[in-house]
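One structure is given here, and the rest of the page talks about it.
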There are 2 protein chains.
Amino acid sequence: MGDVRWLTETEIDTWLKFRSVVELYPGLLDSQLRRDSQMTHMEYQVLAMLSEAPDRTLRMTTLAARTTSSLTRMSHVVTRLAQRGIVARSACALDGRATNVTLTDEGHDLLVAAAPGHVTQVRESFLDALSPAQLRQLDDICDSILTRIDPEGKMTAR
Amino acid sequence: MGDVRWLTETEIDTWLKFRSVVELYPGLLDSQLRRDSQMTHMEYQVLAMLSEAPDRTLRMTTLAARTTSSLTRMSHVVTRLAQRGIVARSACALDGRATNVTLTDEGHDLLVAAAPGHVTQVRESFLDALSPAQLRQLDDICDSILTRIDPEGKMTAR
DNA sequence: AGCAAATTATTGAATCATCAACCAATCACG
DNA sequence: CGTGATTGGTTGATGATTCAATAATTTGCT
């Protein structure tokens with residue numbers, strides 16, 4: 001239990017900026033997708049990950065890991081998407097505990113319709129805001145941070 | 001209405017990492033503060049900003065801007081903090097529309113008790129994860145992003 | 001002065017996330 | 001081969017955030 005190392009002025013500045021970004025960014029993504037495509041960013045991410053998976057199907061745990069979601073949260077998200085006919089749940093033949101989630105055709109149509117707006121948002125607020133050098137720097141920076149906050153890579157599996 | 005510029009593989013990689021960070025980070029801060037100090041990160045930020053203000057008092061709008069919060073959200077947060085005796089609302093003498101929010105002594109004690117744990121969390125998950133060069137890079141990167149997502153600086157006033 | 005527009009803030013309903021508790025299936029290992 | 005531990009997943013209650021609507025005050029203009 002050593003003493004706390006308080007932050008310097010410079011550290012506070014950088015920290016508060018970073019804090020603003022992580023606090024503001026999720027809401028930005030949510031509001032564009034909600035407004036234009038009636039879905040949250042987490043829902044979009046689910047559709048995107050399923051659309052790239054074999055048979056457009058993934059297990060709950062995998063889906064949660066690929067979208068940085070807790071299993072609990074994913075369960076609620078999938079319940080809502082299933083009620084809307086966007087995904088379908090099914091039992092996994094290989095493991096009786098597991099649940100498979102499949103993207104329906106309807107869900108795929110929804111993703112196709114939502115993608116341009118979302119990609120444009122990502123370009124305008126992120127990719128086009130930074131130089132190629134900054135993007136490379138940020139890639140490394142995110143690696144370092146993720147190593148600290150999710151050492152096992154449980155939440156960030158690819 | 002031009003065509004969408006889809007993302008390259010490299011862009012997708014960087015984007016998904018960044019996305020993971022912004023998605024994971026707020027929850028990390030919340031869970032440490034909730035566990036150790038019975039408050040959310042937004043509540044901590046309110047206490048921190050008030051503690052540095054003259055008379056430990058700020059107007060709602062200023063408080064919202066300094067904590068990257070909407071006014072609506074801040075109104076709810078302040079209602080809860082006031083119920084717990086951590087802050088006090090009062091009318092602003094200069095502008096009949098405005099509300100002042102003041103940190104109580106009890107609130108200040110709570111902040112003092114919570115600060116070491118929070119600062120340690122910030123060091124371990126952020127400042128100590130990055131080199132001095134990376135911190136400088138990230139400072140610039142955050143400036144660029146914030147310019148895009150909050151051009152007027154409405155949410156990020158200091 | 002007088003009135004429209006903008007600013008400041010609050011409220012209530014709906015939505016979403018988190019936490020704790022739980023259940024069922026599989027694994028590890030004596 | 002059985003039993004305790006682990007893994008995979010769901011549920012319901014609680015709490016926080018957003019959205020839309022509303023109200024009161026001030027500002028800008030003529």
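For clarity, every value in this text was computed on a predicted model and none was experimentally measured. Below, all heavy atoms of this structure are taken into account, side chains as well, without hydrogens, waters or symmetry copies. We name chains A, B, ... by the order of the sequence lines, and we start the count at 1 in each one.
- Contact record, A:R123 with B:R5: NE-O, 3.0 Å, taken as the closest heavy-atom pair.
- If you take CG of A:L94 and P of D:dT7, they are 19 Å apart, rounded to a whole angstrom.
- Between the CG atom of B:L58 and the P atom of C:dA9 there is a distance of 11 Å, given to the nearest Å.
- Within the nucleic acid shown, B:R35 has no heavy atom closer than 4.0 Å to any nucleic acid atom.
- Heavy-atom distances to DNA chain C give each of B:M74 and A:R34 a nearest nucleotide, and the one nearer the 5′ end belongs to B:M74.
- Between the CD atom of A:Q83 and the C1' atom of C:dA14 there is a distance of 15 Å, given to the nearest Å.
- Taking only side-chain nitrogens and oxygens, B:R80 comes nearer than 4.0 Å to OP1 or OP2 of D:dT17.
- In the interface, the side chain of A:H76 is paired with the base of D:dG12 through a donor and an acceptor atom under 3.5 Å apart.
- Judged purely by atom type and a 3.5 angstrom limit, A:Q121 has no side-chain atom pairing as donor or acceptor with the backbone of A:H118.
- Base-pairing analysis of DNA chain C finds the following stems of at least three consecutive Watson-Crick or G-U pairs, with both pairing distances under 3.5 Å: C:1-30 with D:1-30.
- Salt bridge annotation for B:E23-B:K17: absent, with no cationic side-chain nitrogen under 4.0 angstrom from a carboxylate oxygen.
- Two residues, A:V78 and B:V77, neighbour DNA chain D, and the one matched to the more 5' nucleotide by heavy-atom proximity is A:V78.
- Look at CG on A:L33: it is 13 Å from P on C:dC16, rounded to the nearest Å.
- Distance A:L29 CG to C:dC16 P: 16 Å, rounded to the nearest Å.
- Ring geometry for A:F126 versus B:F18: interplanar angle under 30°, hence parallel rather than tilted (30 to 60°).
- Each of A:D150, A:T67, A:L146 was checked for a side-chain contact (heavy atoms from CB on, under 4.5 Å) with B:S20, and the lone residue meeting it is A:L146.
- No donor-acceptor pair closer than 3.5 Å links the side chain of B:R89 to the backbone N or O of B:T102.
- Between B:Q32 atom CD and B:E124 atom CD the span is 9.5 Å, to the nearest 0.5 Å.
- At distances below 3.5 Å, at least one donor-acceptor pair connects side-chain atoms of A:T57 with backbone N or O atoms of A:D55.
- Heavy-atom nearest nucleotides on DNA chain C were determined for B:N100 and for A:E43, and the one closer to the 5' end corresponds to B:N100.
- Nucleotide C:dC16 holds its C1' atom 11 Å from the CE atom of A:M42, rounded to whole Å.
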Which atom pairs link the protein and nucleotides 3-8 of chain C when you take only N or O atoms and keep those under 3.5 Å?
| from | atom 1 | to | atom 2 | distance (Å) |
| --- | --- | --- | --- | --- |
| C:dT7 | O2 | B:R97 | NH1 | 3.1 |

What donor-acceptor contacts under 3.5 angstrom involve side-chain atoms of residues 93-101 of chain A, with partners at least two apart or in another chain?
| from | atom 1 | to | atom 2 | distance (Å) |
| --- | --- | --- | --- | --- |
| A:D95 | OD1 | A:R97 | N | 2.9 |
| A:D95 | OD1 | A:R97 | NE | 3.1 |
| A:D95 | OD2 | A:R97 | NH2 | 2.8 |

